[in-house]
Each structure stands twice: as structure tokens, then as C-alpha cells.
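Notes to accompany the following structure.
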Amino acid sequence: MNWSLYIALFLTASICDVRGQDDQMPPKMTSTFNNEYYYPRDTMLTDATINCKAKNGQIKYEWKKNGAVVRNSQYVSVDELTGNLRFVRMMNEDYGTYQCFATNDLGTSLSKPFKVKESRMSSFPTSEVQEVRCKQFEHCVVQCREKPTCTPDSQCRVEWKIGQGTKTNVEISKRVGVDGNGDLHFLWSDTSDWAGQQYRCGVWQEQMKMLVVGSETELKIEVASTVPELEPILRFKENGKAVYGGKGVLRCMFSGYPAPEVEWISPDNTIIKNTPGKYEISDYGRVLNILQADPSYEGNYFCKGKGKTESTNQNVFLNVTSAPILVGDNQMRDIMVPVGKDAMFHCDASSLPGESPPSLPKWKKNGADLMIDGGKYIVSENSRLLTVTDVQKPSDTGAYQCMSENSEGVLLKEAILKVIDPITIRERPLSSYKILPGDVLNLAVIADSDPSLTLQYKWMFTDLRGNQKEIESNEFWKISWPNNNNLTIDVRQVSDPGVVFSLTGDYSVKIYHNHDQKSINITVETDIITTVAPQSPIVQQANLNFLIYIAVAVVFLIVVIIIVFCLVRRNQGGVYSVDKKEVEAGHDPEKELLESGFQDLSRADDDRSPNYPVYDYEDEKHVIDDDDDSLGEYEGDLELNKFNEDGSFIGLYANKKDKKAPKSESDV
């Protein structure tokens, strides 16, 4: 089988295994929902569908409004297979609080509750044209009077029109702008601002595609006799509010001639520039958008106008708000718990600083309120901890929810509890064994667990000195692959008792997955008595390698010493020439040697000179016939008890000769 096919089969098996696990899990909501949805009343809708999706197996969906199940009707439809809630036409009775429920055989998951509200747009009242007087080069404001109701704010914007009809907009520029209330500002006025055509305030509702206009105004511009230089003056500012993770908007508007620039300063006193994902400056610097707000963004921001002079810093405040949030890591996490153990869920809800504290958590299972009776379900830590005792399958498997709320919204968090079969050991090794050279010892474990989980095995060894390590396959240890549930200790090829002794100690195997574990301990002993300190096979190999390195180093050192010694001896010179030196000194070495009688002495190497007397054995008075007579020549003067350890008597013989005076020099 080639590797690509093997990998493909492995991935397919893994996907099937994951799908199998999903089929055995309670549902988990994957859709997110807005806090509010707006639809206009009594209007045919083309895009009014809310989607609800959950994972884990075959899901059946159900929608509830104000706690009652939503049924299919003329203008509302619910698809229990796809989870879609669709409004065809909104009637008054269709507004309210909605919630989605996703159910499979093991439990029910539910969405956060949200509101469906009416999208509205009213009209300007009928009113007379109003005149506004402005002075050239100075600030002038035209109010949007009796502005109509428009909801939601996100779908509404103010547009100023000039002249008849609704097609001609007032051009927004560095000199002309609209504040957060919808009023029109000329940061400095010009005579061209009035050409005899009225200004009208218009409000556009994006969802309804509707524009209403009103608040008709005429301008009267007083011409200035001189061109002044006017310092920046704050004309409008607006604090902002941002939902955690949403966008906050701050506004500052300065008048002056010429029209001033606007500079923004953050709470940490740094100048703000356009920063992707964080800051966005618009409307010619008059609007600061703060993106993806989090609690650290809350605080006082500053704006100032910059012309030929600068204004003082003006503070605007950003308030970051949120429904209750969960604090800490171990909050409402999905868990798998073996049968008979306790399951615990934490729901430590809190509000952001400066907001009202959240309500105590309320607990649900599969969307229904839990009956807290101190038996099966126990709440503690001021309702922040739920304990499900002595869990059983399948009754305690399901989706558990905690709910809390404050002035800014509702928190709903859920976590899945899946009750699983505990790890069961079917076959296991004995608690102790003995090994000798030539043995093979198999330590095999067979265990079962929940079908959705895969068991893992980890072998450990602690030697007689207390050193512990994880076992890996080597010359003496073999771990089965791929399950690792069998350890073989193989000393069939071992004759060294020290190696066998090094393999004795405490063995253990941990059988585990992410949600449960069990351990087995085995002692391995031997009857071998050895003076060799026990070491692990890996340590022995390491020691052998170390000894080899030491031996090589010693041989190398000896070779170096020999080479150095030879070189030193060679540099000491040749043989000293005695004759040459003596002759040069006026001596005759040969003559002096003859006169000294040195030639009469016998040589140790038995090289006889012509004058050396030859010994005649036939003249010997006593013939040595056997070994016993071989000492006869010593005429009883030899003391046998005075032989040396090696049988030598040279020293003794020398002493004996000293007692007798030689007859002549030639007899010596």
C-alpha cells in the first residue's frame, strides 16, 4: 500500500470517528444573534429571516416567542429541520422576545433571547419657515427642528437639502458640517451660503428606504467690513457609548476663521491617528470612531481645535458597556465525566466597572429550569457553582445553561456534560515478577473505555536507586506499536548479571484519555546476587561508550609520550669516542691497558685471548660422577641452608673464597 492511500484511509477513518463522536454528543448552538432585530409593521418583507444553527448529529429546531412555541402561520414560518424563522409580513402580535431551541436525542441547546421590535419612521410636523441671521466669517447654526422619530438609530441618518425637492444635498465640507443632533453648522459663514433657496432638514430610514423632510429655514447673511482672524471655539461635543466588542463614536466641532483642524488625544495622552482595527477619524476630523471596543478603551478622550491658535483640550467620555461576562478560564466548559463521579460547572458572572452588578446565575438543563434540591443538583458559592452528583448515563448527559443579566443585557452560557463509561481493565499483569538471564517477560494490559474515546498508555520505570523515567523501546525493552499496551523485557541474549539487575525495579503503566485515567504497578525482581551497582540499560550503554572514549584517549596519550621521548633521545648526540680523546690528550690507551694486567682477567662472554689458560678437565683430581657428587668440590664447606630463594649461592660462594688466599693472580 502506498503512503498516499494509507494517509487517505487514515484521514477518512479519523473523520468518521469524529462524526461518530458528534452523533453521541448533545447539541451545541453555533449561531450568534443580535440583541435586537427591527422590522416595519404591516409591510411585506423580502429579507426578514433569522437563522438558527447547532452542531452534533441530527438536530430538530423549535422557536419560542415570550415562552410560547411559534407555530407556522400566514405570515410567520418555522423550519424545524433548517432552523430558519421567516417573517413574511410583520403584525403587531409578532413583536416580542424570541429564543431558538436545538434538540437531539441527548439534549437541548438554546440561543440567547433577543427582541424583535418595530422599525419606525414618523414625519415632520407642519410648521412655518424660520429665518436665521448669520454674520460673514462667523459661526452660524441651523437647527433641525421637531425631528421625527426614527428607529433603530443604526438605520437612520440626517441629510440636509437645499431648494425644492429632495435631490440637492447641502455639501458637507471642512467649513460645513452636521452635529450629532442633526443640526447644520457653518463653522464660518459666507455670503454664498444664501442664494434664495431654503434649507430643509431630511431624515433617511435605510431599512424602509424612506426620506422625510421638514424644518424649513431661510438665511440672512450680514456682510463683514473686514476679514477677521477668529480663534477656534468649541461648538459641539458628544460623549460616546460602545457595547463590548462594538463601535463607539465621539464628536467634537470647532468654529473659527479659517476653519480649524481637529486633533484627538487618547486617555494615555498620545495623539490619535487612523489605526486599522482601533481608530478611524472621519467627517473632516470632527468624528472619532473607536472600533472593537473593550473595557480598556473606556475613559476620557480629548479634542482640540487647531488654527492660527489652539483651543484648550475638551474632554469627551467613552463608556464601554456589556451584559454580564464570565471571569476566569474555567467557566462553563464542556466536560466528559465517567459514571459515578461528580460534574461541576462554574458561572462567575460580573459586570464591567461602573455598571450595576449582575443578577445571581439561574441554572437550566436542556432549556428547562433545574430543581435545586440539594440532592442530584447542588449550587454553592453564591449560585456560581453547580455540582451534578453521581452522574449516570444517559440521564445526566445534556446541555446545561447559566443565565444572568444586568442593565445592559442578558448573559446565557451553556456547556455540555457527556457521561462516559469509565476505564475498565480487562486483563493486567501480576503485581510482581522475577527475571533471570535468558528470560522474556511480557507485561500486557487490555482495557476498555467509552467508544467515543481512544485509550493511551504510558510506561514508567523506577530503578532501585529511585530514579524514574519514561520507558522507550531499546535493546532490552520493547513497547508494542501502535497501542503501547504491551511491554516486553527481553534478556534472552544477556549473560551479564549486572544488566539483568539493572532492569529490576518498579514498573507502572498509566491507561488514560483526556477525561479519565487508571494506573497499574508491577515490581520486577531477580535472585541474582551481584556487586555491580544497578543501572538502566541506557546508562550502561552510556557508561560503555564513556569507557571506550577513555581507553582511546589513554592510548593516544601513550603514543604521544613515546614520540616525544624518542625525539628527545635523538637530540642528545652520538657515541663518545674514548680513543680519539685520549690520544689527543697525549696518552697511549693500548699500552696502558697491557701494563695494567687487565688482559689477564677472564671475560664474561668467554672470548679467550691467546694468553688465556685453557682448563683441562682431565687434570681434575675429583671426577664428578653424579648429581650428588656435583657439590663435592666444595669439600663440605657449603652450607645448604644458606641458598637464596631462587637457589642462588653466588653471594655465599664469594664469601667462601674470601677465606682462602689465592696462590697467584693467575689462579684467580
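Numbers for residues simply follow the sequence, beginning at 1.
Checked by atom type and distance alone, the side chain of Trp160 pairs as donor or acceptor with a backbone atom of Gly182 at under 3.5 Å.
Between Glu222 and Lys220, no side-chain nitrogen of the basic residue sits less than 4.0 Å from a carboxylate oxygen of the acidic one, so the salt-bridge criterion is not met. Between Glu261 and Lys306 there is no salt bridge, since no side-chain nitrogen of the basic residue lies less than 4.0 Å from a carboxylate oxygen of the acidic one. Ionic pairing of Glu414 and Lys28 is not present here: no N-O contact between side-chain nitrogen and carboxylate oxygen is shorter than 4.0 angstrom. A salt bridge between Arg133 and Glu131 is present, with a side-chain N of the basic residue lying under 4.0 Å from a carboxylate O of the acidic one.
Below 30°, between 30° and 60°, or above 60°: for Trp188 and Phe137 the angle between ring planes is below 30°, a parallel geometry.
By the neighbour-count criterion of 12 heavy atoms within 6.0 Å, atom NZ of Lys65 is densely surrounded, having more than that number from other residues, nucleotides or ligands. Heavy atoms of other residues, nucleotides or ligands lying less than 6.0 angstrom from CG of Asp42 number more than 12. More than 12 heavy atoms of other shown residues, nucleotides or ligands fall within 6.0 angstrom of atom CD in Gln197. Around the NZ atom of Lys362, the shell of radius 6.0 Å holds no more than 12 heavy atoms that belong to other residues, nucleotides or ligands. Surrounding CG of Asn313 are more than 12 heavy atoms belonging to other residues, nucleotides or ligands, all under 6.0 Å away. Within a 6.0 Å radius of NZ in Lys364, other residues, nucleotides and ligands contribute more than 12 heavy atoms.
With hydrogens and angles left out, the side-chain atoms of Gln205 and Ser119 include a donor and acceptor closer than 3.5 Å. Side-chain atoms of Arg235 and Ser255 include a donor-acceptor pair closer than 3.5 Å.
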**Report entry** Intermediate values then yes/no, side-chain hydrogen bond (donor to acceptor under 3.5 Å, both in side chains), Ser31 and Asn51
**Finding:** CA-CA 7 Å; Ser31 294; Asn51 299 311; over 6 Å; no
**Report entry** Evaluation steps, side chain to side chain contact (heavy atoms under 4.5 Å, CB included), between Glu138 and Ser189
**Finding:** CA-CA 5 Å; Glu138 294 185 4; Ser189 303; 5.6 Å; no
What side-chain donor-acceptor pairs closer than 3.5 Å can you find for residues 226-233, not counting sequence neighbours?
{"from": "Glu229", "atom 1": "OE2", "to": "Lys308", "atom 2": "NZ", "distance (Å)": "2.6"}

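When each of Arg175, His139, Arg286 is checked for a side chain to side chain donor-acceptor pair (under 3.5 Å) with His185, only His139 meets the rule.
Residues meeting the side chain to side chain contact (heavy atoms under 4.5 Å, CB included) test with Val88, sequence neighbours left out: Met44, Arg86.
In this structure, Tyr39 has its ring center no closer than 6.0 Å to that of Tyr98.
For the residue pair Leu250 and Ile290, the shortest heavy atom distance occurs at CD1-CD1, 3.9 Å. A pairwise comparison of heavy atoms in Val262 and Phe254 identifies CG2-CD1, 4.1 Å as the closest pair.
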